[in-house]
Amino acid sequence: MQSLTPERRKELELKANDVRQGIIRSLLSAGSGHSAGSLDMADIFTALYGAVLRHDPARPDWPDRDRLLLSCGHIAPVRYAAMANFGYFPVEELLTLRKFGSRLQGHPERVKLPALESTSGPLGEGLAQGVGMALAAKLDQKDYRVYVITSDAEHQCGLHWEAMMTAGKFKLDNLTCIIDRNFIQIDGSTEDVMPLEPLAEKYRSFNWEVLECDGHDMASILDACERAKHTTGKPQVIVAKTIPGKGVSYMEGDYTWHGKPPNQQQADEALRELSAARERILAHV
Amino acid sequence: MSSTDVMDRAAREMHLLDYRNGAELKQLPTRNGFGEGLIEAGNRNENVLAICADLAESTRMEGFKKAHPAQYLEIGVAEQMLVAMAGGLASTGKVPWIASYAMFNPGRSWEQVRTIMALNETNVKIAGAHAGVSVGPDGATHQAIEDIAIMRVIPHMMVVVPCDSVQTKKATLALSETFGPAYLRFAREKSPIVTTEETPFEIGKAQTFRDGDDVAIVACGILVANALIAADELAREGINCRVVNNHTVKPMDAPAITAAARECGAIVTVEEHQVHAGMGSRVAEILAESHPVPIEFVGVRDQFGQSGEPTELIEHYGMGTEAIKAAARRAFKRKVAG
Ligand SMILES: Cc1ncc(C[n+]2csc(CCOP(=O)(O)OP(=O)(O)O)c2C)c(N)n1
Ligand SMILES: [Mg+2]
């Protein structure tokens with residue numbers, strides 16, 4: 001496994017902090033949208049764009065790029081903030097989120113912003129499309145990889161299980177599914193609404209390689225992605241343990257932040273906390 | 001009180017609130033009426049169940065969950081499961097109401113609706129929340145504007161689109177007490193209340209909300225209020241519009257539609273839906289067979305929605321009062337040109 005140097009780690013953590021600030025600013029500007037899941041996937045999106053994906057912001061149509069699909073489209077703010085911070089479009093454009101005429105639709109629309117790879121929002125449809133893209137790579141003898149970000153509650157959708165079965169059948173080792181395992185959904189805890197555990201066992205029995213990571217630790221995320229890349233003959237799932245609302249103390253662990261934005265005062269507070277966190281990252285040697 | 005201060009016969013008969021001359025109308029989301037009606041239906045009949053797919057608050061099933069916890073079931077993000085499981089529950093005489101956003105139920109669950117609810121004739125009731133572009137910033141993926149089409153095409157389905165939150169409560173109760181597969185469509189945003197407790201409601205019976213014989217504006221859902229306001233303004237231009245609240249898309253009140261065409265000679269249909277295959281298309285089907293007259297369709301024209309504020313989107317897609325007025329003028333002109 002390649003090891004993460006302290007400098008590289010610091011760089012990625014600072015980026016993730018920028019992404020979180022972008023999420024807060026865009027949600028405040030929009031006046032609606034999904035805070036908890038967006039914030040908790042900031043580290044993973046940063047790791048992917050910063051150190052895992054083969055991609056080129058100047059060439060979103062590069063045929064050999066790795067594909068990154070966001071299945072749970074409601075956390076679009078994290079993807080938009082990550083894309084902006086990695087050069088896909090100007091950071092200021094984040095303030096157009098959810099507004100009339102914006103490319104940054106409330107839920108991702110590929111036709112408006114092609115680098116999104118697909119359109120999502122209706123849950124449970126991403127992995128199946130990822131299976132199609134991974135199969136296309138095999139048919140075309142291409143070596144690009146396909147990454148699909150899913151939420152935990154999407155595992156209540158039947159189509160997701162059809163996709164899991166299909167990926168197992170075709171031994172799609174170029175396909176990695178990353179689960180935002182934050183244990184929340186709209187009506188409460190996933191384990192109260194519709195229990196998902198033991199989730200890892202379910203993937204294993206569908207012939208997947210099961211990996212886990214701490215979704216807020218760069219080294220852990222990158223290590224899991226590296227292992228996934230080196231798996232042969234099987235699709236891989238990374239169960240990422242995340243804390244909803246991560247980085248903003250008053251949101252952390254609270255499912256009621258699933259689908260609402262901060263107000264001005266709450267956003268100010270969040271940005272203060274994130275700036276302080278940034279100072280701590282910089283001070284760390 | 002001068003005579004113009006008195007509302008017309010139709011409005012008085014329907015016990016409407018005075019919407020004329022730019023009156024401020026109280027606004028509430030139609031989904032609130034569903035929530036209230038559902039609790040009341042549960043009070044009246046313990047066989048009434050509510051089943052939700054991870055959207056209790058948004059769909060307003062939350063109140064029922066509190067009032068009748070033993071009659072409430074939560075199944076997570078599984079809309080096909082909603083329909084199929086409700087079909088099973090209904091087999092012993094239960095009356096399951098199943099709720100999600102209209103985009104996902106009946107959007108995702110269409111074939112289950114057709115086979116399990118309609119072909120199998122089960123007493124399952126779908127509550128389709130957040131219908132229309134007025135969902136707003138969530139964008140096209142969440143704006144159901146094809147749902148009336150896919151429901152009305154299925155044999156035996158009842159399809160009801162009430163005009164305000166007061167009427168949505170009545171429709172919820174009426175559907176709970178009428179056997180058969182049904183789809184109730186309502187919206188997220190608050191919208192003007194024009195009806196009162198005294199306003200009658202009967203499934204399948206269109207309501208004349210305003211008298212007039214130059215053009216008939218046939219509307220459903222939250223745009224009925226826009227239709228009334230447009231008619232009020234058109235009266236000052238000398239065009240007297242009848243306004244029909246056509247809340248039941250299926251089975252549609254064909255005699256009322258034909259009478260409106262015969263007596264007014266021109267029709268405008270208004271719905272927050274694709275003009276193709278929606279409520280207005282059904283009106284056209286009826287009139288093509290019974291009494292053809294010029295028809296203008298107000299609705300979304302073969303486009304997807306997008307993010308924006310609700311009123312901004314209603315205007316953008318040509319469903320505001322000005323668009324309705326323009327359509328009525330066109331219909332009137334075509335009629336006069338004969
Ligand atoms: C098919 C479908 N049904 C319902 C919804 C409405 N909805 C949006 S997010 C969500 C579940 C939220 O839980 P999760 O996916 O785990 O996301 P998190 O709250 O963790 O961000 C639901 C039911 C949807 N988008 N798609
Ligand atoms: Mg979750």
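To find a chain, count down the sequence lines: A is the first, B the second, and so on, and within it residues start at 1. Just so you know, these numbers use all the heavy atoms, side chains as well, and skip hydrogens, waters and symmetry mates.
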Close contacts, residues 73-83 of chain B versus chain A, judged by heavy atoms under 4.5 Å: B/E74, B/I75, B/G76, B/V77, B/A78
Sole candidate of A/Q105, A/H74, A/R98 that passes side-chain contact (heavy atoms from CB on, under 4.5 Å) when paired with B/D138: A/R98
Residues from residues 96-103 of chain B approaching chain A under 4.5 Å (heavy atoms): none
Under 4.5 Å from a heavy atom of chain A, the part of B/L55 involved: both
Neighbour count >12 (heavy atoms, 6.0 Å) for atom CZ, B/F304: no
Lys/Arg N to Asp/Glu carboxylate O, A/E125 vs B/R108, below 4.0 Å: yes
Proximal component of A/E109, with respect to chain B [non-hydrogen, under 4.5 Å]: side chain
Best-contacting candidate, A/G33, A/P122, A/G73, A/A76, against chain B by heavy atom pairs under 4.5 angstrom: A/P122
Over 12 non-hydrogen atoms of neighbours within 6.0 angstrom of CD in B/E46: no
Residue B/R114 excluded, over 12 heavy atoms near CZ under 6.0 Å: no
Gap between atom NZ of B/K65 and atom CG of A/D187 - 0.5 Å precision: 5.5 Å
More than 12 heavy atoms of other groups within 6.0 Å of A/K202 NZ: yes
Contact class of A/S102 relative to chain B, heavy atoms under 4.5 angstrom: neither
Whether over 12 other heavy atoms sit under 6.0 Å from A/R204 CZ: yes
Residue A/S120 versus chain B: region with a heavy atom under 4.5 Å: backbone
Nearest non-hydrogen partners of A/T119 and B/T141, listed with the distance: CG2-CG2, 3.8 Å
Parallel, tilted or perpendicular: rings of B/H142 and A/H107 (30°, 60°): parallel
Residue selection (most heavy-atom pairs with chain A, distance under 4.5 Å) from B/G308, B/S58, B/S307: B/S307
Top contributor to chain A interface from B/A56, B/G139, B/A53 [non-hydrogen pairs under 4.5 Å]: B/A56
Interatomic distance, B/E309 atom CD to A/F100 atom CZ [nearest 0.5 angstrom]: 11.5 Å
